[in-house]
Number of protein chains: 2
Amino acid sequence: MNKVFKALADPTRRKVLELLRQRAMTAGELSEHFEVSKPTMSAHFAVLREADLVDASKQGTTITYRLKLSVLEDALLGFSQAFGFGAAASADKTDTPGKGTQP
Amino acid sequence: MNKVFKALADPTRRKVLELLRQRAMTAGELSEHFEVSKPTMSAHFAVLREADLVDASKQGTTITYRLKLSVLEDALLGFSQAFGFGAAASADKTDTPGKGTQP
DNA sequence: ACCTTGTTTCGATGGTTAGCTAAATAACGA
DNA sequence: TCGTTATTTAGCTAACCATCGAAACAAGGT
């Protein structure tokens, strides 16, 4: 959970998550949205993977990244709740059927 | 708003905010909850001040820190909303009547 | 087999951050 | 004015992080 906040601390990574929120994208596709080198992007992806915020699935030569809403939800909402501002959890996890921070 | 997330990336600072949520506390009082030196705590306070997450008021020799809920709320809820999970904003900002990320 | 494209690893570099000790500042009481 | 207490500033070190260019590693298409 600390890793989630660490991951969120970087604007680039936050933007990646926002892009991923709309639809799953490949690493290369995501990279086009930023003016940093591929290796740098790769490093950002690694951080997001480490924080379990995204799910990477390789098909052929490309790797598709997918947002794991449930994890982001848990961290953000959990924290929000600790501060009183309710947080009406209602993420429609249509593509995370298993739910929950998987072990 | 980036500063808020940067500030939130550190566990010590998050804990400070949680402590401050219950009641305003002096710098020394807060320091007692952690096993780091006073100067280190002071640096953390500076980061929180920079992010506008806390309000410092000096009375005599002591400085009382107070959580600025509205700023935390804006950042967290704003971000949450961008991801769909609603976020029912309802922080009782009894001591921040002005509200909103002050200009 | 041989390119081509997408992605990651390697090694280096500059900037940022958390932590420390020791010293400075500020306000109060005697 | 002289201590005492609370907090911050100064100066430092060590660790970390973002970034890069270049090279290595797939997987497919030709």
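We name chains A, B, ... by the order of the sequence lines, and we start the count at 1 in each one.
Here C:dT16 presents its P atom at 13 Å from CG of B:Asn2, a figure rounded to the nearest Å. B:His44 places its NE2 atom 16 Å from the C1' atom of D:dT9, with the value rounded to the nearest Å. Per the geometry, CD belonging to B:Glu50 stands 12 Å off P belonging to D:dT9, to the nearest Å. One interatomic measurement links the two molecules: CD of B:Gln59 to C1' of D:dT7, which rounds to 13 Å at whole-angstrom precision. Protein atom NZ of A:Lys15 is 18 Å distant from nucleotide atom P of D:dA18, rounded to whole Å. Summarising the geometry, the separation between CE on A:Met41 and C1' on C:dT8 is reported as 13 Å, rounded to the nearest angstrom. As a whole-Å value, the separation of A:Lys58 NZ from D:dG28 P is 10 Å. Computed from coordinates, the B:Lys38 NZ to C:dA23 C1' distance equals 16 Å when rounded to whole Å.
Between B:Arg13 and B:Glu18 there is no salt bridge, since no side-chain nitrogen of the basic residue lies less than 4.0 Å from a carboxylate oxygen of the acidic one.
Across all strands shown, B:Tyr65 has heavy atoms under 4.0 Å from sugar-phosphate atoms exclusively, and none from any base.
The distance between the ring centers of A:Phe5 and A:Phe79 falls below 6.0 angstrom.
Classified by interplanar angle (parallel below 30°, tilted 30° to 60°, perpendicular above 60°), the ring pair B:Tyr65/B:Phe45 is tilted.
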